[in-house]
Q: 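One structure, as structure tokens, below. Some questions next.
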Amino acid sequence: MNQPDYRSAVTEYVRAQAQPPDRFSHQPRLYQLATRLAEGQPFDDDVLFAAAWMHDLGVFIGHRPEEPAALATWDNVAYAVREAPPVLKRLGFTVEKIPAVTEVIRTHLPSKKPTTFEGVLLRDADILEQLGAIAILRTVSKIGRDTRFIRFVDALRLLRQNLEKLPGQLQLESARRQAEPRLKVLRAFLEAATNEADGAEL
């Protein structure tokens with residue numbers, strides 16, 4: 001495998017598929033964050049890279065259902081687990097490592113328990129992406145174009161849930177340290193939004 005070639009190919013593939021376009025920035029940010037969380041501990045960088053870049057295929061427009069009822073029951077993780085292997089193979093990724101990639105994708109949600117260190121890295125990094133200023137941007141941008149977010153209050157509700165539930169699900173000490181400043185930002189934002197609304201409907 002020619003590493004630069006496969007990485008460039010994966011990056012360009014995801015760039016083309018990530019719709020709406022703001023979906024693209026999550027992948028490079030997630031990969032870099034996950035590698036930092038390792039803090040020198042060994043991991044398979046090919047597996048982590050491929051999983052970070054391919055894990056959200058099922059949330060892109062053109063891959064997910066358009067019909068609201070179907071979208072409401074859509075399993076984007078199962079879709080990514082199914083679709084990532086042929087894409088990675090076509091783009092020059094080592095075939096023998098594809099099962100490890102799909103296992104990381106399969107267990108990246110907070111509700112799952114990763115079976116590999118690469119899985120822990122990606123899961124904790126993805127949780128961190130749901131906390132702090134980036135989380136606010138990602139959530140608010142969905143208002144009006146995601147069936148879960150019709151009004152501002154819907155976004156605020158999710159952000160409050162993230163603040164309450166996600167920090168305790170982080171597995172790595174490095175991730176817990178990274179979470180601290182993000183949690184301060186998220187708390188301050190939610191408090192400010194509540195104060196500025198002054199009891200009015202958002």
Side-chain angles (χ1 to χ4, degrees), residues 1-19 22-60 62-64 74-132 134-135 138 162 165-179 182:
M1 174 176 59
N2 186 323
Q3 180 169 302
D5 287 349
Y6 105 73
R7 293 195 178 210
S8 297
V10 167
T11 299
E12 291 312 307
Y13 173 81
V14 174
R15 187 189 298 276
Q17 299 301 313
Q19 297 296 327
D22 60 276
R23 293 283 189 182
F24 177 76
S25 65
H26 174 55
Q27 287 75 25
R29 198 171 52 245
L30 184 67
Y31 168 66
Q32 292 297 334
L33 179 55
T35 60
R36 290 199 304 274
L37 293 180
E39 293 190 333
Q41 297 182 68
F43 63 91
D44 190 315
D45 193 45
D46 290 326
V47 170
L48 185 61
F49 179 92
W53 280 86
M54 303 296 288
H55 78 288
D56 265 352
L57 280 180
V59 304
F60 299 155
H63 291 260
R64 71 191 190 197
W74 178 239
D75 188 338
N76 70 83
V77 175
Y79 178 87
V81 167
R82 182 178 71 248
E83 295 298 318
V87 172
L88 288 171
K89 183 177 180 180
R90 187 174 75 246
L91 298 178
F93 188 79
T94 300
V95 174
E96 291 77 10
K97 292 188 177 186
I98 289 178
V101 174
T102 57
E103 177 63 9
V104 172
I105 293 173
R106 185 186 71 81
T107 61
H108 84 274
L109 295 179
S111 60
K112 302 294 184 179
K113 296 196 177 298
T115 58
T116 65
F117 186 49
E118 294 80 14
V120 173
L121 291 172
L122 189 70
R123 179 181 174 276
D124 273 15
D126 205 45
I127 289 174
L128 289 173
E129 278 276 286
Q130 299 174 68
L131 304 170
I134 294 295
R138 293 179 69 209
N162 291 353
K165 298 179 180 180
L166 294 183
Q169 298 187 49
L170 292 166
Q171 294 188 27
L172 298 170
E173 177 57 33
S174 58
R176 287 190 283 272
R177 290 196 307 272
Q178 290 270 346
R182 295 169 184 253

Q: Would you say D124's side chain and Q171's backbone share a donor-acceptor pair under 3.5 angstrom?
A: yes
Q: Are the side chains of F117 and L48 in contact, using a 4.5 Å heavy-atom criterion?
A: no
Q: Below 4.5 Å, heavy atoms only, C-beta onward: do I127 and Q178 meet side chain to side chain?
A: no
Q: Counting N and O atoms only, with roles assigned by atom type, does the side chain of T35 sit under 3.5 Å from a partner on the main chain of Q32, one being a donor and the other an acceptor?
A: yes
Q: What is the distance from atom CZ of R138 to atom CZ of R29, rounded to the nearest 0.5 Å?
A: 6.5 Å
Q: Does any non-hydrogen side-chain atom of L128 lie less than 4.5 Å from one of L37?
A: yes
Q: How far does CD of Q130 sit from CG of N162, to the nearest 0.5 angstrom?
A: 5.0 Å
Q: Within this structure, what is the CH2-CZ distance for the pair W53 and R15, rounded to the nearest 0.5 Å?
A: 7.0 Å
Q: If you compare all heavy atoms of A51 against all heavy atoms of V104, which two are closest, and at what distance to 0.1 Å?
A: CB-CG1, 3.5 Å
Q: Are side-chain heavy atoms of M54 and Y13 found at a separation under 4.5 Å?
A: yes
Q: So do T94 and Y6 actually touch side chain to side chain, heavy atoms under 4.5 Å?
A: no
Q: On a heavy-atom basis, which atom in D45 and which in R7 lie closest, and how many Å separate them?
A: OD2-NH2, 2.8 Å
Q: Without swapping roles, check the side chain of R123 against the backbone of Q169 for a donor-acceptor pair under 3.5 Å.
A: yes
Q: Closest heavy-atom contact between L30 and E129?
A: CD1-CG, 4.1 Å
Q: Any sub-3.5 Å donor-acceptor pair from D44's side-chain atoms to V47's backbone N or O?
A: yes
Q: Taking 4.0 angstrom as the limit, do K97 and E118 come out as a salt bridge?
A: no
Q: Determine whether a donor-acceptor pair (N or O, by modelled atom type, separation under 3.5 Å) exists between the side chain of H55 and the backbone of A52.
A: yes
Q: Is R106 reaching over with its side chain to a backbone N or O of V81, donor-acceptor style, under 3.5 angstrom?
A: no
Q: Are any of the side-chain heavy atoms of R82 and T102 separated by less than 4.5 Å?
A: no
Q: Shortest non-hydrogen contact from P85 to A80?
A: CD-O, 4.2 Å
Q: Of all the heavy-atom pairs spanning L33 and A125, show the shortest one and how long it is.
A: CD2-O, 3.6 Å
Q: With side chain to side chain donor-acceptor pair (under 3.5 Å) as the criterion, how do T115 and E103 come out once you've worked through the C-alpha distance, each side chain's angles and the decisive distance to 0.1 Å?
A: CA-CA 8 Å; T115 58; E103 177 63 9; 2.7 Å; yes
Q: Closer than 3.5 angstrom, by distance alone: can the side chain of R23 be matched with the main-chain N or O of F60 as a donor-acceptor pair?
A: no
Q: What are the two closest heavy atoms between T11 and F24, and how far apart are they?
A: O-CE1, 3.8 Å
Q: Quick check: do I134 and H26 have side-chain heavy atoms less than 4.5 Å from each other?
A: no
Q: Report yes if the side chains of L121 and F43 come closer than 4.5 Å at any heavy-atom pair, otherwise no.
A: yes
